[in-house]
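For reference, the structure is listed below as structure tokens.
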Amino acid sequence: MKDNLYKYILGIADNSLILGQRMGELCGHGPSLETDIACTNISLDLFGQVRSYYQYASKIAGDGRTEDDIAMLRKEREYLNVLLVEQPNNDFAYTMARHFLFDVYHFLFLTELQKSKDLTLAAIATKSLKEVSYHQRFSSDWIKRLGDGTDESQQKMQTAIDFLWTYTDELFHQTEADKAMVSEGIGVDVTKLKQAYYSKVNSILEESTLIIPESKYFQKGGKQGIHTEHMGYLLTELQYMQRAYPNMEW
Amino acid sequence: MKDNLYKYILGIADNSLILGQRMGELCGHGPSLETDIACTNISLDLFGQVRSYYQYASKIAGDGRTEDDIAMLRKEREYLNVLLVEQPNNDFAYTMARHFLFDVYHFLFLTELQKSKDLTLAAIATKSLKEVSYHQRFSSDWIKRLGDGTDESQQKMQTAIDFLWTYTDELFHQTEADKAMVSEGIGVDVTKLKQAYYSKVNSILEESTLIIPESKYFQKGGKQGIHTEHMGYLLTELQYMQRAYPNMEW
Amino acid sequence: MSEEQVKNLEKQFEERIARDEKIEPKDWMPEKYRQTHIRQMSQHAHSEIVGMLPEGNWITRAPSLRRKVALLAKVQDEAGHGLYLYSACETLGISRDELYEQLHSGKAKYSSIFNYPTVTWADMGAIGWLVDGAAIINQVPLCSTSFGPYARAMVRVCKEESFHQRQGYEIMIKLANGTPEQKDMAQDALNRWWWPSLMMLGPTDAESIHTEQSMKWKLKRKSNDELRQQFIDQTVPQADLIGLTIPDPDLKWNEERQSYDFGEINWDEFWQVVKGHGPMNKERMKARVGAWEGGEWVRDAAMAHAEKQQERKEKQAV
Amino acid sequence: MSEEQVKNLEKQFEERIARDEKIEPKDWMPEKYRQTHIRQMSQHAHSEIVGMLPEGNWITRAPSLRRKVALLAKVQDEAGHGLYLYSACETLGISRDELYEQLHSGKAKYSSIFNYPTVTWADMGAIGWLVDGAAIINQVPLCSTSFGPYARAMVRVCKEESFHQRQGYEIMIKLANGTPEQKDMAQDALNRWWWPSLMMLGPTDAESIHTEQSMKWKLKRKSNDELRQQFIDQTVPQADLIGLTIPDPDLKWNEERQSYDFGEINWDEFWQVVKGHGPMNKERMKARVGAWEGGEWVRDAAMAHAEKQQERKEKQAV
């Protein structure tokens, strides 16, 4: 139970950690000051959530590891985030498409997590939900602007959506920890979110005059710690200080 | 003496290490198969040299640190390479210009280092000189091809040369370790290479129909371990495995 | 308007300022007042925006989650400052695009301090402590400057900057009380940022232009050298307190002046950086211009989308 | 040529091959022979080139200088293999640009194994040991294939591949004898690369096309299933030797066959990857196409420069 709960928390937290890190990369390099502020803010929200989760995970693990140890001192194969969130900021369309495809899930997930029997998780969910509701509005708006903007932006957004689409299915894969936590009334049954997810996503894509991809093939592996080649580079940066200066306080 | 010799070796070796790392990044991403092979080969040469230097440095230090410890486990502020070699591969013009501006120096430097009273350094210099002579030919040829190629390539090469030019002066700055080693007949007096350097560089630039930059302002700091913001990211990758898996053999 | 009328207006204008009344965007103002304010406020705004880059450089590598969150929040604040300073400029009839154009072409300046690289994590501490510290000294007097929008923006900016300054100093405290490696890192950062921070307060009074006029308009209340002295007197004890050494062998308490004497500033370096030849000038502009040009298609799309939406609304209304 | 003449030439051609004579580029050959060889050799060349990417991914992060040098040398060899395989193709009257075009458009295939990500350093060991191991088993017979340039290229390729294979195995030995973390890393890499390596030897005989013709032309000497069995029988003891476990619960020594029985291969995964939907297909093509398109201005410049040089020479000659 303890082990499953710990893993379950990491599965949630790692998504926000890696996505937050990706958003943090953009700081000062966005297409406008307003988007820079918004992206920094979203990154900030995500890292805030991350801290709550890892602090809780640290308590559950009870082996003296701190939130930073858990966030920054695991091996790549031990990060449990979905592949979607680690995809790079190729351009602003990728950034927004990645965010949108995660936000819709994130919102549905947290809505359910609020009902968790685990009161800490439920409380984090409630607090995070307000933030994620804003994230979802922000990224959806950009899907619409870019999808139903100029020919160039539409093409770029379609390319991004097509590329990232194959990473959406993994959001609804159940891990062993998931199953155990669902049966305890603690975890969310992600398989049940799938329909609402695609229905919401598809309606926004349609409104944005974008084509809904028809791929039958999807990628997976992140939840088992098998990541894309982008992940390693992200981690070299995330972990650098903790690795280079071990056991220090900052 | 020992301390100065150690630092003197690092000053030489770190240039090849960082430049080799930059060339290694390109592997499989070059503009043609032939350039891919050449760049990989150059990277290989440089790392070969690097190993000889650090093995020697390890002997001089005599504190049990291996070549890998010295190469990969220092702090950023302890790397003594010139700023020139850490500049990124913005495009192939930058890559070749950076290489050319270093190769011309490297060739002159090693030619002198062959005469060092330190027989190990003299031997490494003699061995490396053959390789560097090829590097210089390769990069000079590309300066000519791109400089005297199309309008687009000329403009790109000029931009790269203009940008990197401000990093050339540092090559001829003497450090304390330099001065000490010169007085021992071990080190090369780099200040004496300056004239031959600019004469060679300028003649190739002219032949390549490129404008010789006229900047009065130059950048420095690398030799004192104060690097540009690119260096930190390069090191996160270079050091990752040694940091993440300390004290292991590979 | 006749020359006399203008003179009259100018006189009334100067009297209003002398009475500490705020000038508002719709009020009449001399053209030079307008231009000077656009120049100074936009320079300030640009500094906030360019200033995001050296700190942004450490977001992905912050050593702890707590520090990462604080750094993100700080950089976000800077973007916010930029935003309302640009807005204040816009009230004077210049567009944000024009302001960016001035920055990107090199016509407009930004604070030279941001042309130094952030080499280690301790630089995040040093920037907060020293750079924001010097900025506050520059800016506090502006909270009561004559131009209303600028004064009001400054009240908010200063409040946040002073929070940043404490946060930076706190990073330094932690490092100075940490392991020997951490203490070295803190000292090294202080060594590198000290002199550029002193230069941030501007050229010596002898070489400073615009000063008299600025004093009258309350854009300036003290001379650069006075501000510099204030900064030094305030900062040296802070360094002492945490056991760090100011990298100036000539620094000495002057009992008579009740102030610190200090060594000579390398003004050659100052002018080199101001003229665009600092360690990071090119990189900073490359990053800003790159973001702007790379984002053009995004801004175009947003515009096109808004127009389409507008058209749809109008059609529905018919 | 009359139909009879063609038949006659074809007969002589088949007889030459049967006598183990080499076919050279200038010799007459059936169009199908030419096409089949272009297809197979270019597929092989493309595999070398795309194969540089998963290993190139670890060059900047290799754990020691010695390993970094060895990895660079290996990737350089692969580029070299690509180079002479493309040259061998070119002897059959197709240009390198056309071959690249086929790769980039997805018309030409490359080995599916390179569509898996290299997740840890141990993957450098597993690729050398397993992927190069399987490649050698595929390629050794080609050293005596009928088309001269291909056979000669293969002699050199196999020699180098076998060096790479030993090098990869040596990485695994070191890890398997290392710390528990290193041993885990090695086992994990074996777990991830085992099945894709088995698939590398091609679909089961039942689903394999081209086989009969290829046998006759000595492009193939054994069936895919035979090669796969050979690979397994060779590799399992190597895993045993260093204490790693093949991730196949059905793997069992069959005393009667004097060979290993093994579990069922997930052919759905195989076909998914072949059809372009593997974990890294899109990324690999993006990298190759990106390099090619991004390098166009460089190649154009080199061409323009060469022309200018030529013109100058001609002018001087006048």
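Reminder, nothing fancy here: chain letters follow the sequence lines and each chain counts from 1. Values in this document were obtained by computation on a predicted structure and should not be read as measured data.
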Can you tell which part of B/K156 gets under 4.5 Å to a heavy atom of chain D, answering side chain, backbone, both or neither? side chain

Please determine, among D/E78, D/E307, D/E181, the option with the most heavy-atom pairs under 4.5 Å with chain B. D/E181

Side chain, backbone, both or neither: which part of B/Y245 has a heavy atom under 4.5 Å from chain D? side chain

B/E34 versus chain D, the contacting section by heavy-atom distance below 4.5 Å: side chain

Hey, are D/T60 and B/E237 close enough side-chain-wise for a donor-acceptor pair under 3.5 Å? yes

If you tally heavy-atom pairs under 4.5 Å against chain B, which of D/G290, D/A73, D/G294, D/A62 wins? D/A73

Sort D/L83 into side chain, backbone, both or neither according to what part of it lies under 4.5 angstrom from a heavy atom of chain B. both

Could you tell me which portion of D/R67 (side chain, backbone, both or neither) has an atom closer than 4.5 angstrom to a non-hydrogen atom of chain B? side chain

Contact class of D/S64 relative to chain B, heavy atoms under 4.5 angstrom: both

All heavy atoms of D/R66 vs all of B/W250, minimum pair found to be NH2-O, 4.3 Å

Interface moiety of B/L26 toward chain D, non-hydrogen atoms closer than 4.5 Å: neither

Kindly give the heavy-atom pair with the smallest separation between B/D68 and D/L65, and that separation in Å. OD1-N, 2.7 Å

Does the side chain of B/Q21 pick up a donor-acceptor pair with the side chain of D/K68 at under 3.5 Å? yes

Please classify the contact between B/N41 and chain D as side chain, backbone, both or neither, with a heavy-atom cut-off of under 4.5 Å. both

